[in-house]
Protein chains: 2
Amino acid sequence: MRDLTRLKSLQALEASARHGSFVGAAAELDVTPPAVGQLVRSLEDWVGYPLFRRRRSGAERLTPVDEAEDALNDIAEGLDRLETGLRKLRGRKARSVVVVTASQALVANWLLARLDDFSTNYPTIDVRLDVSDRVIDLAQGEADIGIRCGLGAWKGVKSTFLMSEEIIAVCHNRLLKADREVTAGWIVEQTLIHDGTPHPGGNFPTWAEWLAKSGANQVPAERGLKINSTAAVIQAAVAARGVALVRKALVAQELDSGRLVHLLPDVRWPVKWAYYIVAAPKALRRYEVAAFHDWLASRPR
Amino acid sequence: MRDLTRLKSLQALEASARHGSFVGAAAELDVTPPAVGQLVRSLEDWVGYPLFRRRRSGAERLTPVDEAEDALNDIAEGLDRLETGLRKLRGRKARSVVVVTASQALVANWLLARLDDFSTNYPTIDVRLDVSDRVIDLAQGEADIGIRCGLGAWKGVKSTFLMSEEIIAVCHNRLLKADREVTAGWIVEQTLIHDGTPHPGGNFPTWAEWLAKSGANQVPAERGLKINSTAAVIQAAVAARGVALVRKALVAQELDSGRLVHLLPDVRWPVKWAYYIVAAPKALRRYEVAAFHDWLASRPR
DNA sequence: CCGAAAAGAAAGAAAATCTTTGTCGTGAGC
DNA sequence: GCTCACGACAAAGATTTTCTTTCTTTTCGG
């Protein structure tokens, strides 16, 4: 065992040989192609001769040299066995639990619709949702991992960008009139739903600001429905109580179903707040937390 | 292959299980025991349960838990296969050459006597000696690796401390009289061999300085044999031409054989110059260079 | 000739691995 | 009962490996 070294390079070599390219190997190993190339070239330096014949085009870019073919069988077998061993180690724990925290709005409107996919991919990991609109202290272990909306620079946790956000105007399709075009003027006449939750540094617009940008001639009246819960704002819109300014990500499902309608889609208002996956470094050492993190990070939005 | 991770930890786990201790595994893997412990504990975090039962004393400190026994077989087999594969990769190159540079004095008096051990351990690596008293540019590839005597802070190369040095007075045993005790006064009366090679910053003593430290009452005459080659100084001493101040490491063999005698051994003069193994980082990526380096670094002096 | 695809070089960033230092908990020996 | 030896462990920092990004180069194919 003393002489076993460059394990990562062996892994990169074997994957590259199987794929016939560094790009293919990189996709499998979830790294960039230059990383794979460097690992293989490092091993070539070590052994003192090229391990692949290179071609600059064609489907098969890398062909193992004859000298390496026999060794590749051993390496592949060895990696298989290691993977089997690691799987057995993991499999000995029947089930594990990952505690996930997110706001009410995000859970209800975004995360719940996606959790089935996680459970399908990881049947032995149970997800426990901790729904809270306050900031859960992940560094203290109150939860394992979470999704937060904000500027991203939280202390003591690792933040991975998930998706950006913009503010849009929406209303229930029931409020639309077939003989009345949706204009800024029309919107001003509706009951406007105001989201009163704090979002420091996020440059979220008020109704006045948004309407000014949309070209409205009138200033909105100081009436309307004021709610200090993002989730409830969305519920009010869904309940046809009026027109709401909401975060686009949180109403994606309602827009897809047609229940809510995106008004004046040409009016864009990107905000500085975005969604991040957040977890304490200590928690990420656990397989189930890392698995949830990686699953989230690699999913379409 | 996508799910194979923590390769180093698997290696540490397997070695620890075999040795029943982190200390044993560390010796085999040539790292410190806390390094092994961290790797194993990291894997335990990952899988979610302890992999060893720990005891705080006794010969067998670590016992694999029952759940891990089966997996350990796979892991051991996998590592064996990887090692076989790597050995085959290395074995495909019939012979390799490492170009070693060192000064005439060190080659003649220290390195030549030890090279047989390297060749015994590494029969497929040829050593080519580049003997030179000038500084070979390793970063430019003039040689692969070398041993230098100096302060150790050379640019562009990696320096690994090999051994320290001190200056001692020696003469041929033939010059000693049975009825005359060796004193500083006696030394002053002999032909003193001066080494004129430059050694900036090394605090090498002149004869005057050395004798002053030895308690001599007389200042040495300004005569003597002056030679500007360290190797030749030693040769002169071996040829009984006089008493020489020499670097102890370079005359170790002559002292062992009794041909040269260490005079006034209580007089110590350690110097700031020491011996370092030096190599360019690029060269160290090659197996044969790394092998020579590691063999040198782990040998008794 | 141009564009696409991917290997390669170089520089820098991030993560993994390793070292050092000191603490703690057992047995064994006195 | 006390002391000592041994080694696992924690914490902090250093070093090395791995990875990313950006740009260049080289072939084919259209």
Side-chain angles (χ1 to χ4, degrees), chain A residues 4-13 15-17 19-46 50-64 158-161 279-282 284-285 290 293-294 297, chain B residues 4-13 15-17 19-46 50-64 158-161 279-282 284-285 290 293-294 297:
Chain A
L4 185 55
T5 184
R6 300 183 184 247
L7 291 165
K8 276 290 199 180
S9 289
L10 293 178
Q11 195 176 16
L13 174 74
S16 305
H19 286 269
S21 77
F22 292 151
V23 168
E28 174 179 311
L29 299 174
D30 202 25
V31 295
T32 59
V36 178
Q38 278 187 21
L39 287 169
V40 169
R41 286 192 294 279
S42 169
L43 186 59
E44 288 174 325
D45 285 346
W46 185 248
L51 295 168
F52 290 119
R53 277 191 297 275
R54 266 91 157 166
R55 293 203 300 167
R56 282 300 181 103
S57 56
E60 191 92 343
R61 294 296 182 105
L62 308 169
T63 309
K158 180 194 173 189
S159 306
T160 309
F161 177 82
K282 184 168 157 50
L284 281 167
R285 290 188 210 145
H293 176 279
D294 296 345
Chain B
L4 186 56
T5 183
R6 301 186 181 244
L7 292 165
K8 275 292 201 182
S9 290
L10 293 178
Q11 195 176 15
L13 173 74
S16 305
H19 286 270
S21 78
F22 291 151
V23 169
E28 172 179 316
L29 300 174
D30 201 24
V31 296
T32 60
V36 178
Q38 281 188 19
L39 286 170
V40 170
R41 287 192 293 282
S42 169
L43 188 58
E44 289 175 323
D45 286 345
W46 184 247
L51 296 169
F52 290 119
R53 279 192 293 277
R54 264 90 157 168
R55 294 204 301 168
R56 282 299 182 103
S57 54
E60 192 92 341
R61 296 294 182 109
L62 308 169
T63 312
K158 179 192 172 187
S159 306
T160 308
F161 177 81
K282 183 167 158 49
L284 281 167
R285 291 189 209 143
H293 176 278
D294 295 345

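Side-chain atoms are counted along with the backbone in the values below, which use heavy atoms only and exclude waters and symmetry mates.
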Using side chain to side chain contact (heavy atoms under 4.5 Å, CB included), reason through B/H293 and B/K158 one step at a time and then give a plain yes or no.
CA-CA 11 Å; B/H293 176 278; B/K158 179 192 172 187; 4.2 Å; yes
Does A/S9 form a side chain to side chain contact (heavy atoms under 4.5 Å, CB included) with A/V40? I'd like the steps, not just the answer.
CA-CA 6 Å; A/S9 289; A/V40 169; over 6 Å; no
Residue met sooner reading DNA chain D from 5', once A/A35 and B/G20 are mapped to nucleotides:
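Result of the comparison: B/G20.
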From [atom1] of [X] over to [atom2] of [N], roughly how many Å is that when rounded to an integer?
X: B/R6; N: C/dA15; atom1: CZ; atom2: P; answer: 13 Å
X: B/D30; N: C/dT19; atom1: CG; atom2: C1'; answer: 13 Å
X: A/F22; N: D/dC19; atom1: CZ; atom2: C1'; answer: 15 Å
X: B/W46; N: C/dT17; atom1: CH2; atom2: P; answer: 12 Å
X: B/L7; N: D/dC19; atom1: CG; atom2: P; answer: 10 Å
X: A/L39; N: C/dA9; atom1: CG; atom2: P; answer: 14 Å
X: A/K158; N: C/dA13; atom1: NZ; atom2: C1'; answer: 13 Å
X: B/R285; N: C/dA9; atom1: CZ; atom2: P; answer: 10 Å

Does C/dA9 have OP1 or OP2 sitting under 4.0 Å from an N or O in the side chain of A/R41?
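For A/R41, the contact criterion (side-chain N or O under 4.0 Å from OP1 or OP2 of C/dA9) is met.
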Does B/K8 put a side-chain nitrogen or oxygen below 4.0 Å from OP1 or OP2 of D/dT17?
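B/K8 to D/dT17 OP1/OP2: no side-chain N or O under 4.0 Å.
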Could you work out how much the helix from C/dC1-D/dG30 to C/dC30-D/dG1 bends, comparing the axis of its first five pairs with that of its last five, to 10°?
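Between the axes fitted at each end of the helix from C/dC1-D/dG30 to C/dC30-D/dG1 lies an angle of 30°.
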Quick one: what's the B/S/- string for nucleotides 22-30 of chain C, heavy-atom cutoff under 4.0 Å, read 5' to 3'?
--BBBS---
Sugar-phosphate, base or nothing in reach of A/S21, heavy atoms under 4.0 Å
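Contact class for A/S21: sugar-phosphate only.
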Nearest 0.5 angstrom please: [X] [atom1] to [Y] [atom2], how far?
X: A/L62; Y: A/R53; atom1: CG; atom2: CZ; result: 11.0 Å
X: B/L284; Y: A/D45; atom1: CG; atom2: CG; result: 11.5 Å
X: A/L7; Y: B/K8; atom1: CG; atom2: NZ; result: 6.0 Å

Tell me, with the steps shown, if A/S42 and A/R6 meet side-chain hydrogen bond (donor to acceptor under 3.5 Å, both in side chains).
CA-CA 9 Å; A/S42 169; A/R6 300 183 184 247; 3.0 Å; yes
Which pair of non-hydrogen atoms, one from A/T32 and one from A/A26, has the smallest distance, and what is that distance?
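Shortest heavy-atom contact: C-CB, 3.6 Å.
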Looking at D/dT17, does its base get a donor-acceptor pair with the side chain of A/Q38 below 3.5 Å?
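Answer no: no donor N or O sits under 3.5 Å from an acceptor.
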Less than 3.5 Å between a donor and an acceptor, one on the side chain of A/Q11 and one on the base of D/dT18, is that the case here?
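Side chain to base: no pair below 3.5 Å.
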Please determine whether side chain to side chain contact (heavy atoms under 4.5 Å, CB included) holds for the pair A/L10 and A/L39, giving the CA-CA distance in whole Å, both sets of side-chain angles, and the decisive distance to 0.1 Å.
CA-CA 8 Å; A/L10 293 178; A/L39 287 169; over 6 Å; no
Between A/R54 and A/E44, does any NZ, NE, NH1 or NH2 come within less than 4.0 Å of an OD or OE carboxylate oxygen?
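A salt bridge links A/E44 with A/R54.
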